[in-house]
Visitor: 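Below is the structure I would like to discuss, written out as structure tokens.
Proteins come first, then strands; the chains are lettered A, B, ... in the order of their sequence lines, and each starts at number 1.
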2 protein chains.
Amino acid sequence: MSNIKKSHFAILGLLSWQPQSGYDIKKLVEVGLSHFWNENYGNIYPTLDGLVRDGLAVKEAGNTSGRRTRNVYRITQQGQQLFDDWLAQPADLPIVRNELLLKFFLSGRLPNKASLRIVQNYQVHQQVILEDYRRSAAILGRAIETGTYPQEVMMLLNNDTRPLNTKQKARQCKFVLLTLRHGIMAVEARLAWCQEVMQVLTE
Amino acid sequence: MSNIKKSHFAILGLLSWQPQSGYDIKKLVEVGLSHFWNENYGNIYPTLDGLVRDGLAVKEAGNTSGRRTRNVYRITQQGQQLFDDWLAQPADLPIVRNELLLKFFLSGRLPNKASLRIVQNYQVHQQVILEDYRRSAAILGRAIETGTYPQEVMMLLNNDTRPLNTKQKARQCKFVLLTLRHGIMAVEARLAWCQEVMQVLTE
DNA sequence: TCAGACATGTAAGTCGTTACATGATTCA
DNA sequence: TGAATCATGTAACGACTTACATGTCTGA
């Protein structure tokens with residue numbers, strides 16, 4: 001079995017929610033998980049082939065309605081096993097490469113004004129992101145509370161081609177919301193840092 | 001001029017603090033900047049060559065004391081110009097790939113216990129990191145307050161081969177400390193998230 | 001004397017991204 | 001009829017990372 005990387009597990013894990021196509025995976029990640037993950041076609045399709053080759057998934061040539069051929073993939077027992085094993089292992093701690101902090105640190109050679117400009121610019125960007133996250137979180141929160149899943153939520157879950165039952169829907173909403181909370185709290189911390197730094201550097 | 005990537009600017013920027021060798025750069029990043037950046041030899045040495053080729057730095061074959069040949073690199077006017085231009089541009093927003101959140105999200109298919117295990121494990125790791133960061137921050141804070149730079153601080157700045165004057169030293173300490181504050185606040189936010197998630201999932 | 005820090009570099013590999021190529025279907 | 005979305009794929013490239021190779025100097 002070939003050396004297995006994170007994308008493999010990401011895709012395998014998405015198949016473990018429900019069988020779907022490469023296109024579905026791309027859209028789901030793009031729309032619902034983009035605050036913590038990304039995948040692109042150039043990676044997805046070869047990975048799906050690889051999963052099939054390794055017996056971790058099977059291709060079910062599902063030709064939904066009059067559409068073009070959709071290749072729907074379903075996780076196998078073996079794939080499920082491998083995925084569950086991976087899930088049980090602690091996540092690797094990410095290699096950190098924060099360009100903003102790099103710029104900030106390296107600006108230390110110059111007058112404070114240069115560093116302040118960097119931080120102010122960062123602050124503006126983070127504020128935009130925060131509002132975006134909060135909007136999404138509000139939509140999801142409302143859906144979970146009321147048990148109704150309007151168009152907006154389905155957009156966030158990209159649920160048009162992969163039918164989910166109510167329980168799955170609620171569960172997926174809940175987990176997307178919790179990951180969004182992570183994003184919100186992280187952004188808030190960054191904004192607090194901006195405040196602190198601006199205070200220190202303007203003293 | 002070849003297509004220039006982040007590592008080039010990171011290294012160029014470190015040269016803009018003071019002339020130094022590839023080995024110095026590696027150690028400085030490893031010891032003082034590891035909470036937000038990394039570089040490895042396989043990248044540093046070819047990059048330094050590239051900088052010289054592009055006229056952004058010059059090699060000063062400085063043979064310090066009886067040691068093995070040390071190739072010390074000094075940034076050029078042109079390099080400084082290019083670096084300053086880069087510094088003035090907003091940082092690219094990083095492509096996010098958070099393995100922990102991926103695992104957490106994908107664990108949503110299973111009973112809450114599985115998700116809780118992931119979060120608890122994360123919490124423990126983050127606590128260790130937090131203590132580490134706090135220790136370093138305390139050392140740096142003390143140095144800045146008292147104006148004295150004991151061995152410990154010099155370790156954090158890896159200041160044995162690249163002599164700094166007092167002003168540079170204070171400045172560098174201050175900026176490392178401020179980036180550390182970013183790390184601390186980020187980790188605290190993650191720990192707060194763990195708390196929140198554990199509460200939600202055990203209800 | 002020998003372990004460990006000092007010091008520089010190369011080659012191959014990995015993983016993911018970008019750009020390209022192709023074509024069907026839907027709806028305004 | 002033509003733009004947008006649905007849908008699948010490949011090839012080349014880019015940006016590091018890992019493993020390897022080599023040798024010096026210092027201090028216990």
Side-chain angles (χ1 to χ4, degrees), chain A residues 2-11 20-31 34 37-53 59-73 92 94-99 102 155 158-162, chain B residues 2-11 20-31 34 37-53 59-73 92-99 102 154-155 158-162:
Chain A
S2 49
N3 186 25
I4 295 164
K5 40 205 170 189
K6 312 225 185 286
S7 287
H8 277 64
F9 285 111
I11 290 168
Q20 54 194 307
S21 71
Y23 193 80
D24 291 336
I25 288 169
K26 171 66 175 157
K27 281 292 160 290
L28 175 58
V29 171
E30 201 168 271
V31 175
S34 62
W37 203 256
N38 73 302
E39 287 296 344
N40 49 52
Y41 290 127
N43 207 6
I44 293 170
Y45 288 115
T47 297
L48 286 168
D49 284 349
L51 294 178
V52 171
R53 232 193 352 268
K59 190 194 267 195
E60 299 184 334
N63 210 338
T64 312
S65 63
R67 276 161 159 166
R68 191 195 160 174
T69 319
R70 276 165 49 77
N71 298 327
V72 173
Y73 294 82
D92 292 350
I95 46 118
V96 274
R97 271 197 142 193
N98 186 323
E99 191 186 339
L102 177 68
M155 292 280 284
N158 192 248
N159 186 233
D160 45 340
T161 53
R162 299 167 300 102
Chain B
S2 50
N3 186 26
I4 294 164
K5 40 208 170 190
K6 312 224 183 286
S7 287
H8 283 243
F9 284 111
I11 290 168
Q20 55 194 307
S21 71
Y23 192 81
D24 290 335
I25 288 169
K26 171 66 176 158
K27 281 292 160 290
L28 175 58
V29 171
E30 201 168 273
V31 176
S34 63
W37 203 255
N38 73 301
E39 287 296 343
N40 49 52
Y41 291 127
N43 205 7
I44 292 170
Y45 288 115
T47 296
L48 286 169
D49 284 348
L51 294 179
V52 171
R53 231 192 353 268
K59 190 194 268 194
E60 299 184 335
N63 211 339
T64 312
S65 62
R67 276 161 160 167
R68 191 193 160 176
T69 319
R70 277 166 50 77
N71 298 327
V72 173
Y73 294 83
D92 292 351
L93 34 98
I95 45 120
V96 275
R97 269 194 143 196
N98 186 322
E99 190 184 341
L102 177 68
M154 291 301 106
M155 293 281 284
N158 192 246
N159 187 233
D160 45 341
T161 53
R162 299 168 299 102

Visitor: Without swapping roles, check the side chain of A/D24 against the backbone of A/S21 for a donor-acceptor pair under 3.5 Å.
Guide: yes

Visitor: In whole angstrom, give the distance that lies between atom CD1 of A/I44 and atom C1' of C/dG16.
Guide: 12 Å

Visitor: Quick one: is D/dG9 close enough that its OP1 or OP2 comes under 4.0 Å of any side-chain N or O from A/N43?
Guide: no

Visitor: For the pair made of NZ in B/K26 and C1' in C/dC6, what is the distance, rounded to whole Å?
Guide: 14 Å

Visitor: Answer yes or no: is there an ion pair linking A/E39 with B/R97, defined by an N-O contact shorter than 4.0 Å?
Guide: yes

Visitor: If I compare all heavy atoms of A/S7 with all of A/N43, which pair ends up nearest, and what's the gap?
Guide: OG-ND2, 2.9 Å

Visitor: Does C/dG9 have OP1 or OP2 sitting under 4.0 Å from an N or O in the side chain of B/Y41?
Guide: no

Visitor: Can you tell me if the side-chain N/O atoms of A/R70 get under 4.0 Å from OP1 or OP2 in C/dA24?
Guide: no

Visitor: If each of B/I95 and B/Y73 is mapped to the nucleotide of DNA chain C with the nearest heavy atom, which maps nearer the 5' terminus, i.e. the 5' end?
Guide: B/Y73

Visitor: Take atom CG of B/L48 and atom C1' of C/dG9, then tell me their distance rounded to the nearest Å.
Guide: 11 Å

Visitor: Check whether any side-chain heavy atom of A/Y23 lies under 4.5 Å from a side-chain heavy atom of A/V72, and answer yes or no.
Guide: no

Visitor: Is A/N38 close enough to C/dG16 that one of its side-chain N or O atoms is under 4.0 Å from OP1 or OP2 there?
Guide: no

Visitor: Looking at B/N40, I'd like to know whether one of its side-chain N or O atoms comes within less than 4.0 Å of OP1 or OP2 on D/dA19.
Guide: no

Visitor: Strictly below 4.0 Å: does A/R97 bring a side-chain N or O up to OP1 or OP2 of D/dA15?
Guide: no

Visitor: Closest to the B/K5 side chain: D/dA15, D/dG9, C/dG16?
Guide: D/dA15

Visitor: Please report, rounded to the nearest Å, how far the C1' atom of D/dC6 is from the CD atom of A/Q20.
Guide: 15 Å

Visitor: Are A/K6 and B/L102 side-chain neighbours, meaning at least one heavy-atom pair lies under 4.5 Å?
Guide: no

Visitor: Would you please confirm or rule out a distance under 4.0 Å between OP1 or OP2 of C/dA7 and any side-chain N or O of B/S21?
Guide: no

Visitor: Please report the distance, rounded to the nearest Å, between CG in B/D24 and P in C/dA5.
Guide: 16 Å

Visitor: When the distance from OH of B/Y45 to C1' of C/dA11 is rounded to whole Å, what number comes out?
Guide: 17 Å

Visitor: Any side-chain N or O of A/Y23 less than 4.0 Å from the OP1 or OP2 oxygen of D/dC6?
Guide: yes

